[in-house]
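Atoms considered below: every heavy atom in the structure, side chains included; atoms not considered: hydrogens, waters and symmetry mates. Values in this document were obtained by computation on a predicted structure and should not be read as measured data.
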Amino acid sequence: MEAASRTETARAARADRLRVETRPGRRPGAVVLTLDGELDHDTAEPLRDALKRNSGAGRLVVDCSGLRFCDSTGLNLLLRTRLRLTAAGGHVDLAGLRPPVDRIFEITGALKVFRVYEDVDAALGAPEA
């Protein structure tokens with residue numbers, strides 16, 4: 001097998017490590033993105049696509065309860081989306097952060113810029129202030 005072919009096969013296998021499910025929230029304009037797996041440079045495309053498709057949402061709640069790993073690529077995707085939505089009057093909220101994912105948000109200071117909730121129900125039930 002050629003090296004390029006092995007590289008493509010390896011990338012495809014890694015890309016399967018992240019699943020993103022999209023559903024409407026309880027309130028108009030709210031969208032819930034449920035992440036499951038590992039979010040890194042090689043697996044970020046499903047999240048990138050979901051964020052683009054939902055860029056007009058007034059509020060995105062990102063359910064991280066199934067996220068087992070997140071590197072700087074994932075963190076930066078979420079931070080950039082937060083900036084875009086905030087500029088348009090929207091919000092990006094996080095729900096269900098678990099170790100070790102919450103650790104990267106903590107050490108980078110990102111927990112100070114996101115509203116973080118215990119779970120999706122708590123996020124959706126909170127006022128959109």
Side-chain angles (χ1 to χ4, degrees):
M1 181 183 282
E2 294 179 26
S5 180
R6 283 193 303 264
T7 301
E8 286 303 313
T9 302
R11 274 197 187 120
R14 287 190 300 266
D16 290 340
R17 292 187 320 201
L18 180 69
R19 288 193 327 262
V20 179
E21 180 183 307
T22 304
R23 65 181 170 93
R26 289 184 213 147
R27 297 180 182 153
V31 175
V32 177
L33 300 179
T34 301
L35 309 183
D36 183 44
E38 297 180 5
L39 175 55
D40 59 33
H41 175 74
D42 293 324
T43 65
E45 201 59 36
L47 178 59
R48 190 176 286 114
D49 291 343
L51 293 171
K52 284 179 188 175
R53 281 192 314 271
N54 293 285
S55 62
R59 182 179 188 200
L60 283 177
V61 175
V62 182
D63 179 4
C64 300
S65 61
L67 195 59
R68 296 183 304 274
F69 175 81
C70 180
D71 73 358
S72 61
T73 301
L75 178 62
N76 285 321
L77 272 173
L78 293 170
L79 287 168
R80 283 193 305 270
T81 300
R82 180 194 162 277
L83 285 174
R84 280 194 310 273
L85 258 63
T86 300
H91 298 282
V92 176
D93 299 329
L94 305 177
L97 286 175
R98 304 285 181 252
V101 175
D102 65 338
R103 182 74 176 130
I104 191 168
F105 284 85
E106 179 185 347
I107 62 176
T108 60
L111 288 180
K112 295 177 183 174
V113 299
F114 286 102
R115 295 183 300 188
V116 180
Y117 298 92
E118 183 64 28
D119 55 33
V120 172
D121 287 336
L124 293 174
E128 292 187 36

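Taking a cutoff of 4.0 Å between a charged side-chain nitrogen and a carboxylate oxygen, D121 and R26 qualify as a salt bridge. Electrostatic pairing of R98 and E118 counts as a salt bridge here, judged by a charged N lying under 4.0 Å from a carboxylate O. Checked for salt-bridge contact, R17 and D40 meet the test: a charged N lies under 4.0 Å from a carboxylate O.
Annotation: the span from L111 atom CG to R103 atom CZ amounts to 10.5 Å, rounded to 0.5 Å. Atom-to-atom distance recorded for C64:SG and F114:CZ is 9.0 Å, nearest 0.5 angstrom. Taking CG of N76 as the start and SG of C70 as the end, the distance is 9.0 Å to the nearest 0.5 Å. Summarising the geometry, atom CZ belonging to R84 is positioned 9.0 Å from atom NZ belonging to K52; distances are rounded to the nearest 0.5 Å. Annotation: the span from T43 atom OG1 to L18 atom CG amounts to 5.0 Å, rounded to 0.5 Å.
Linking ILVMFWY side-chain heavy atoms closer than 4.5 Å, directly or via other members, places L60 and L124 in two distinct hydrophobic clusters. Following chains of ILVMFWY side-chain contacts shorter than 4.5 Å, one can reach V20 starting from L78, so the two form part of one hydrophobic cluster. In terms of hydrophobic clustering, with Ile, Leu, Val, Met, Phe, Trp and Tyr side chains grouped at heavy-atom distances under 4.5 Å, V120 and F105 are assigned to different clusters. At a threshold of 4.5 Å between side-chain heavy atoms, the hydrophobic network of Ile, Leu, Val, Met, Phe, Trp and Tyr places V32 and L51 in two separate groups. The cluster map of Ile, Leu, Val, Met, Phe, Trp and Tyr, joined by side-chain heavy atoms under 4.5 Å apart, puts L77 and I104 in the same cluster.
The closest side-chain heavy-atom distance from R68 to V101 is not below 4.5 Å. In this structure the side chain of V92 never reaches within 4.5 angstrom of the side chain of V61, judged on heavy atoms. When side chains are defined from C-beta on, E21 does not count as touching D36, because their heavy atoms never get closer than 4.5 Å. The side-chain heavy atoms of L83 and T86, taken from C-beta on, include no pair separated by under 4.5 Å. In this structure the side chain of T73 never reaches within 4.5 angstrom of the side chain of L39, judged on heavy atoms. Contact check for R115 versus R59: side-chain heavy atoms found under the 4.5 Å cut-off. Annotation: side chain of T108 is not in contact with side chain of L79 (no heavy-atom distance under 4.5 Å). Using a 4.5 Å heavy-atom threshold, the side chains of D93 and V62 count as separate.
Summarising the geometry of A110 relative to L75, their closest heavy-atom pair is CB-CD1, 3.7 Å, with the distance given to 0.1 Å.
Considering D49, L33, L85 as possible partners of N54, the one that fulfils the side chain to side chain contact (heavy atoms under 4.5 Å, CB included) test is L33.
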